[in-house]
Amino acid sequence: MAKIKNIEFYNYRNFKNFKTSFDNKLNILFGNNGCGKTNILEGISLIAKGRGLRNSNIKNLIKKQEENFLIKNNLEIQKNVFNIEIFAEQKNEKFKKIIKINNDSSKDSLSFLNQSISYLIFLPEMERLFQSSPSYRRNFIDRLIFSSRNDYNILMNKYKKSLIERNKILQSYNFDDDWLNRIEAEICTLGLEIYKLRNLQLNTLNVELQNLKQNHNFQFEIKLEVKDSFLNNDINFEEYLSNLQNSRLNDKQFGGTKIGPHRSDIISIVNNEFDASLLSTGQQKTIVLMVLLAQCNYLVNYKKMNPIFLFDEIGSHLDKQNRQILLDMINRFEIQFFLTGTDKNLFSFVSTNAQFYNISEL
Ligand SMILES: Nc1ncnc2c1ncn2[C@@H]1O[C@H](COP(=O)(O)OP(=O)(O)OP(=O)(O)O)[C@@H](O)[C@H]1O
Ligand SMILES: [Mg+2]
């Protein structure tokens with residue numbers, strides 16, 4: 001699987017001209033606030049499909065006052081090294097991300113790249129995952145699904161487009177019934193598929209979390225569940241469709257579709273008793289780390305995929321248990337890690353041969 005050998009930035013975010021090589025195993029980026037650590041992780045995440053870990057507008061990747069950015073890197077995939085180039089292309093005011101692999105941007109090359117690279121991401125906001133909005137938790141789970149199925153975002157985009165289309169039709173004065181029926185049928189097919197994939201993902205994670213519990217002397221029993229007032233165990237296409245048809249008038253007034261996987265929440269039940277939002281910030285961080293560890297176990301052992309870990313600001317507020325989980329990830333898997341923190345000392349507990357980069361000085 002993929003390893004990032006080095007990276008170069010030209011007019012990307014706060015970097016005019018930046019170059020560094022990376023270690024195959026453990027890279028620790030440290031430096032003052034604002035020196036560009038998150039930007040580097042984002043630059044790495046842009047090698048995969050999509051808009052990177054900040055889900056940013058492509059235009060914002062271009063250094064202020066500049067015309068375009070360029071990210072270059074060498075990516076090793078099963079002992080072969082590929083040259084990757086990423087930049088923006090402007091079409092009718094819109095900026096689009098372009099990727100070239102060995103100077104080739106054909107569909108086949110891109111699909112090869114997408115199948116070879118996958119990321120597991122920790123962002124500082126995730127410390128409050130269980131207190132933030134349902135959309136944040138849905139995104140978290142959707143990202144994990146995407147890490148093992150790189151076509152998942154196509155499904156999600158199609159679904160979102162169909163919802164927008166349905167709303168447009170409902171808002172129009174004189175609408176075409178056939179067209180609305182077709183769009184609603186499409187929403188049901190796609191929506192059921194999303195429900196199914198999310199369920200599979202949560203079941204997989206729940207099994208892996210059980211297995212990991214023993215290794216880590218983990219004090220909590222965690223169960224992830226979908227919370228959705230519409231969903232029940234045997235929801236089927238016809239029922240879904242008739243629900244949509246019956247709610248046209250309401251949805252027209254509401255300005256959107258009120259049922260479906262875009263309205264689900266993902267909750268985490270602790271010890272069969274209470275919701276994880278009641279846990280402390282540090283304890284919530286433990287759960288997120290355990291879920292990422294569980295997902296990595298699944299990817300490596302069952303999908304034969306080696307994801308790259310991008311952990312932003314992971315160094316701060318790590319107690320003994322959370323350090324142990326992080327060390328376990330580092331020692332357990334032959335994969336590449338990128339960790340960031342403001343201070344080198346935050347990582348003194350990492351005993352293996354880590355490469356340290358002082359980003360403020362590069
Ligand atoms: N398009 C851009 N052009 C120029 N500068 C930018 C652009 N986008 C972001 N920046 C700047 O890049 C700087 C570094 O941001 P980044 O988030 O990577 O810092 P960081 O090292 O992760 O800091 P922290 O420790 O606070 O998380 C910020 O000062 C930001 O304003
Ligand atoms: Mg940052």
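When a ligand or atom number is given, it counts from 1 through the structure's own listing order.
- Contact check for Asp142 versus Met156: side-chain heavy atoms found under the 4.5 Å cut-off.
- Every protein residue with a heavy atom nearer than 4.0 Å to ligand 1 is included here: Arg13, Asn14, Asn32, Asn33, Gly34, Cys35, Gly36, Lys37, Thr38, Asn39, Arg54, Asn60, Ile62, Lys63, Lys64, Glu313.
- Salt bridge absent: Glu76 and Lys3 never bring a charged side-chain N and a carboxylate O closer than 4.0 Å.
- Using a 4.0 Å cut-off between a side-chain N of Lys or Arg and a carboxylate O of Asp or Glu, Lys91 and Glu89 do not qualify as a salt bridge.
- At a cut-off of 2.8 Å, Thr38 is counted among the residues with an N, O or S atom near the Mg ion (ligand 2).
- By the 4.0 Å N-to-carboxylate-O rule, Lys37 lies too far from Asp312 to be salt-bridged with it.
- A salt bridge is absent between Glu186 and Lys158: the closest approach of a Lys/Arg side-chain nitrogen to an acidic carboxylate oxygen does not fall below 4.0 angstrom.
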May I have the list of side-chain donor-acceptor pairs in residues 237-245 shorter than 3.5 Å, sequence neighbours left out?
| residue | atom | partner | partner atom | Å |
| --- | --- | --- | --- | --- |
| Ser242 | OG | Glu239 | O | 3.2 |
| Asn243 | ND2 | Glu239 | O | 3.0 |

